[in-house]
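Just so you know, these numbers come straight off a predicted model, no measurement behind them.
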Amino acid sequence: MICHQCGNEQEKGNFCGKCGAKLNNDPNLQETAGGGGDQVSINRNPEPSYGQAASTQMNEHVEKVKKQSKVYGSYFVHFLKHPSSIFGKEKNEWVNGFISIILFVFIVTLTVSVFVRNLFKSAIHGTQGLINEFYDGPSYVSVFFNVFVFVFLIVALVLLCMFIVNKLFGSSASFKEVTAIYGAHLTTAIIVSLISLLLVLLKSHVYGNIVLSISLLLAIVLIPYYLISVLLTKYSKGIDPLYSFFIYVAIFSLLFAIFIGILADSAMGRIVDQWRYFW
């Protein structure tokens, strides 16, 4: 049998012993006798091997990621300069808006995780290693996961409240469109959060936390207040936009207080469990 991929000859087998390609048992692709010697008929459209197929698929994924990165880069720069230009384009930008939301949550989570680990290291070092014998602080993965879920849920809560109030008293925008509008306006908060991450990495924790608080204030309070005001004023229906805005503030405050209360109760339970370890 002759391999149609590399021309290697072997007596039997389903795969080539040289290149690993699958051997074809079609007699038209095998060795044929003729005139001055052996001739090999090579398939002009050989079936790619598993390794080649996997490599091709990987290259396609890489190209897609590169293309999406370029598209998002252009999107980010444009809406950093003109965030309000998203109005009227929200139907086509919800994917990039969602990427902005995830990027913001990721940067904030990374900043908090680095700060918490640095804080525990400093505290443990201050005890001259006495605590380290029993407890070396929470793992980086656990801190990252918990903070990511916490920040993501808060952002999701903001989006949900904006969508509900806008649906009742403003435009008929879908949840995807609200996501696109919110994500386009998050570019400023993303830049501020990047500055906070840089400060924390430089161990300027005080200024890093101040800047981080500003980025969270922008993303959770100021930007949503601005957006819901614009949406309710531009597409007002039912009651006056001012009262619609008050309803948004009341709903968000109530749900946020409930969320924080549940989180605080859960955190207190874990703290008590940890102290029981020492007792």
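Counting heavy-atom neighbours within 6.0 Å of Phe259 CZ, excluding the residue itself, gives a total above 12. No more than 12 heavy atoms of other residues, nucleotides or ligands sit less than 6.0 Å from atom CZ of Phe152. Residue-environment remark: CZ (Phe98) stays at or below the threshold of 12 foreign heavy atoms within 6.0 Å. Crowding of Lys203 atom NZ: a count of heavy atoms from other residues, nucleotides or ligands under 6.0 Å not exceeding 12. The number of heavy atoms from other shown groups lying within 6.0 Å of CZ (Phe106) does not exceed 12.
Ring orientation note: the planes of His78 and His82 are tilted relative to one another, at an angle of 30° to 60°. A perpendicular orientation is assigned to the rings of Phe246 and Tyr243, their planes being inclined by more than 60° (bins at 30° and 60°).
The minimum heavy-atom distance linking Val165 with Ser244 is given by the pair CG1-O, 3.7 Å. Looking at every heavy atom in both residues, Phe115 comes nearest to Asn209 through CE1-ND2, 3.3 Å. Of all the heavy atoms in Leu227 and Tyr182, the pair that sits closest is CD1-CA, 3.7 Å.
Side-chain atoms of Ser171 do not come within 3.5 Å of backbone N or O of Lys167 as any donor-acceptor pair.
Annotation: side chain of Phe245 is in contact with side chain of Tyr225 (closest heavy-atom distance under 4.5 Å). At a threshold of 4.5 Å between non-hydrogen side-chain atoms, the residues Ser100 and Tyr75 count as touching.
Donor-acceptor pairing under 3.5 Å is recorded for the side chains of Tyr226 and Ser84.
Here the CG-CG distance, from Leu212 to Leu199, works out to 10.0 Å after rounding to the nearest 0.5 Å. Here the CG atom belonging to Asn166 is positioned 9.5 Å from the CD atom belonging to Glu177, to the nearest 0.5 angstrom.
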